[in-house]
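Since the model is a prediction, treat every value here as computed from it, not as a measurement. Both counts, for ligands and for their atoms, begin at 1 and track the order of listing.
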Amino acid sequence: MSAAVPKKRVAILISGRGSNMVSLIAAARAPDYPAEIVLVLSNRPDAAGLDRAREAGIPACAVDHRAFADRASFDAALQAELDAAGIELIVLAGFMRILTDAFVEAWAGRMINIHPSLLPLFKGTHTHQRALEAGVRLHGCSVHYVVPELDAGPIVAQAAVPVLPGDDADTLAARVIVQEHRLYPAALALIAGGGAALEGGRVRFFTDRARDASAALLSL
Ligand code: GRF
């Protein structure tokens, strides 16, 4: 990437331990990575990820949702933090708060999420347990653009893992999270680097290299 192309200014939104956040911060340290993580926000002041972000030298702050009367005023407070930091892309990483349709629509094509299943299977919570109960042999994770309907946005990239005999939700989750940490930085690089974008409700890949990079994320 040419030094003349400015890096995209990214905020990561978390609610918990922030292991995906850590993998994104680490990836973004590479000089040629097309995004810069400039802010971490959490709706929970006790999120362990806040301290992990600060240890990595990234400004991190809590916007405690319990301090707001409704979702719209919470989202307005988030928006103010994002505006103050000049954020161009939002990355949801274990952010467990439903955002208003107005906020999601304002960030259409500029906000992505990682979900621990091969979407459109197993939207919502407890994905690993539900995958085991459904008896699927293949499970994984998906990075998708955020749309108002939960976990329903166009898919940027996916990574698959086998479901093995004897798995429980914890062993399966442990296998999936390894792939999440690989997939999310790669998917963000595709978008921030201009290789992929949301267009007409689908993800468009602009170069053969970007399309191939997305396809390569499928293989284990
Ligand atoms: C991940 O499994 C992610 O897919 C889901 O929430 C979890 C967050 O984990 N959305 P972490 O906080 O990144 O460790």
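Paired with Met21 under the rule side-chain contact (heavy atoms from CB on, under 4.5 Å), one option of Ile12, Ile58, Ile37 passes, and it is Ile12. Looking at Leu13, Leu188, Ile191, Val40 one by one, the single match for side-chain contact (heavy atoms from CB on, under 4.5 Å) with Val91 turns out to be Leu188.
Among all non-hydrogen protein atoms, the one lying nearest atom 1 (C) of ligand 1 is Glu180 OE1, 3.1 Å. What sits closest to atom 7 (C) of ligand 1 on the protein, heavy atoms only, is Gly94 CA, 4.2 Å. Counting only heavy atoms of the protein, atom 10 (N) of ligand 1 lies nearest to Ile114 O, 3.1 Å. The protein non-hydrogen atom at the shortest distance from atom 13 (O) of ligand 1 is Asn20 N, 2.8 Å. Of all protein heavy atoms, the one lying nearest to atom 12 (O) of ligand 1 is Gly18 N, 2.9 Å.
With sequence neighbours left out, Ala30 forms a side-chain contact (heavy atoms from CB on, under 4.5 Å) with Asp32, Tyr33.
The hydrophobic cluster containing Leu164, built from Ile/Leu/Val/Met/Phe/Trp/Tyr side-chain heavy atoms closer than 4.5 Å, comprises no other residue.
On a distance-only criterion, Ile177 and ligand 1 share no N/O pair closer than 3.5 Å. By the 3.5 Å distance cut-off applied to N or O atoms, Ser19 is counted among the residues near ligand 1. By the 3.5 Å distance cut-off applied to N or O atoms, Ala93 is not counted among the residues near ligand 1.
Scanning all heavy atoms of the two residues, the minimum distance from Ala169 to Gln129 falls at CB-OE1, 3.6 Å. Of all heavy-atom pairs spanning Arg44 and Leu50, the tightest one is O-CD1, 3.7 Å.
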